[in-house]
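Step one of this worksheet: look at the structure below.
Here is how names work: the chains are called A, B, and so on, in the same order as the sequence lines, proteins then strands, and each is numbered from 1.
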Amino acid sequence: MICYSMGSCALGQLLVAWSDRGICAVGLADTPDQLILSLQADFADHPLQKIDPASSPYFSTVHRFIEVPSASPPDLPLDLMGTAFQQRVWQALTDILPGQTLSYAQLARNAGKPSAIRAVANACGANRIAILVPCHRVVRSDGTPGGYRWGADRKQTLLAREATTPDH
DNA sequence: AAGCCCATCCGAA
DNA sequence: TTCGGATGGGCTT
């Protein structure tokens, strides 16, 4: 059983989903329909139950962190469902500090698979937990943003708001 | 077991 | 600036 709550936030519509082990998805989209469809696609084999955000153990904390980012993300249990390789990559993602960016090649080195660059990029794209697992801080080697599951525009917004020293 | 997809990278023209 | 080859994990057949 997977429960989820939805609401509005500064980046659009926000979805937080959790299992009995912790948060298993955080999604961003323009409309609630898009969020539900992608949740159903990701967890096709699980029953889903919608919960009022006010009754969710996680929604308000995630929502607040998005509205008012703090230096360190809230310490919430995450239920990362993926292969061993994907978990390695996602773990390496959590080591990236706010305001810091890495190339996919650097992330591949940090994850111990320096030549598996595209595979690492694919693992980033397979991450279902937006913002708490900061995959938006990984960009291409040439400085261009690269892709983002929840919209390239949101990736740029997140990077811009985290940039500590804007250049002039 | 084979084939295709992919949020990459780098060198060459 | 574009192009093609190398690359490896995941998913479907």
Side-chain angles (χ1 to χ4, degrees), chain A residues 1-2 4 6 9-19 21-48 62 65-66 69 72-73 76 78-167:
Chain A
M1 166 72 71
I2 287 175
Y4 67 96
M6 292 190 295
C9 73
L11 296 168
Q13 293 296 308
L14 169 69
L15 175 146
V16 178
W18 63 96
S19 68
R21 299 169 51 86
I23 294 174
C24 60
V26 171
L28 296 165
D30 294 334
T31 71
D33 277 2
Q34 294 169 7
L35 286 172
I36 292 182
L37 285 173
S38 104
L39 186 72
Q40 287 171 341
D42 283 351
F43 299 99
D45 43 345
H46 297 71
L48 304 175
V62 174
F65 178 63
I66 291 173
S72 56
L76 299 172
L78 302 182
D79 183 6
L80 265 27
M81 306 189 357
T83 66
F85 175 78
Q86 288 168 335
Q87 307 230 16
R88 275 170 88 91
V89 173
W90 298 339
Q91 180 60 48
L93 286 173
T94 64
D95 293 334
I96 310 176
L97 272 25
Q100 183 184 17
T101 62
L102 249 53
S103 70
Y104 290 95
Q106 288 171 319
L107 181 64
R109 276 199 292 278
N110 290 357
K113 294 272 181 183
S115 62
I117 299 168
R118 294 204 59 178
V120 164
N122 282 334
C124 290
N127 167 43
R128 283 179 288 267
I129 303 181
I131 302 176
L132 297 184
V133 177
C135 60
H136 58 277
R137 299 185 188 135
V138 188
V139 299
R140 291 192 186 188
S141 304
D142 63 7
T144 55
Y148 193 56
R149 179 172 183 171
W150 299 281
D153 49 342
R154 284 197 185 88
K155 184 172 188 173
Q156 309 220 56
T157 302
L158 286 164
L159 290 173
R161 92 199 310 213
E162 286 183 0
T164 50
T165 59
D167 45 292

### Message
Please report the distance, rounded to the nearest Å, between CG in A/L159 and C1' in B/dA7.
### Response
13 Å

### Task
Kindly give the heavy-atom pair with the smallest separation between A/F65 and A/S72, and that separation in Å.
CE1-O, 3.9 Å

### Query
Of the options A/K155, A/Q156, A/R161, which is the one that meets A/L159 in a side-chain contact (heavy atoms from CB on, under 4.5 Å)?
A/K155

### Query
Do A/D30 and A/R154 pass the salt bridge (charged side-chain N to carboxylate O under 4.0 Å, His left out) test, and can you show the C-alpha distance, the side-chain angles, and the key distance before you say yes or no?
CA-CA 11 Å; A/D30 294 334; A/R154 284 197 185 88; 2.8 Å; yes

### Query
What is the distance, rounded to the nearest whole Å, between atom OH of A/Y148 and atom P of B/dT8?
15 Å

### Task
Rounded off to whole Å, could you give me the CZ-to-P distance for the A/R140 and B/dC6 pair?
14 Å

### Message
Please determine whether a side-chain nitrogen of the Lys or Arg among A/D95 and A/R88 lies less than 4.0 Å from a carboxylate oxygen of the Asp or Glu.
### Response
no

### Message
On a heavy-atom basis, which atom in A/L107 and which in A/V138 lie closest, and how many Å separate them?
### Response
CD2-CG2, 4.0 Å

### Message
With a 4.0 Å limit, can you tell me whether A/K155 has a side-chain N or O closer than that to the phosphate oxygens OP1/OP2 of B/dA7?
### Response
no

### Task
Specify the separation, in whole Å, of atom CG of A/L102 and atom P of B/dC9.
11 Å

#### Entry: For DNA chain C, the dot-bracket pattern of Watson-Crick and G-U pairs whose distances stay under 3.5 Å, | for other-strand partners
||||||.||||||

### Closest nucleotide among C/dG9, B/dA7, B/dT8 to the A/R118 side chain
B/dT8

## Note on the structure
Closest to the side chain of A/F85, out of C/dG9, B/dC9, B/dA7, is C/dG9

### Task
Check whether any side-chain nitrogen or oxygen of A/S115 sits under 4.0 Å from OP1 or OP2 of C/dG8, and answer yes or no.
yes

### Query
Atom CG of A/D142 and atom C1' of C/dC3: how far apart are they, to the nearest Å?
15 Å

### Message
Nearest whole Å is fine: how far is B/dT8 P from A/L107 CG?
### Response
13 Å

### Query
Given atom CG of A/N122 and atom C1' of B/dC9, what is their separation to the nearest angstrom?
14 Å

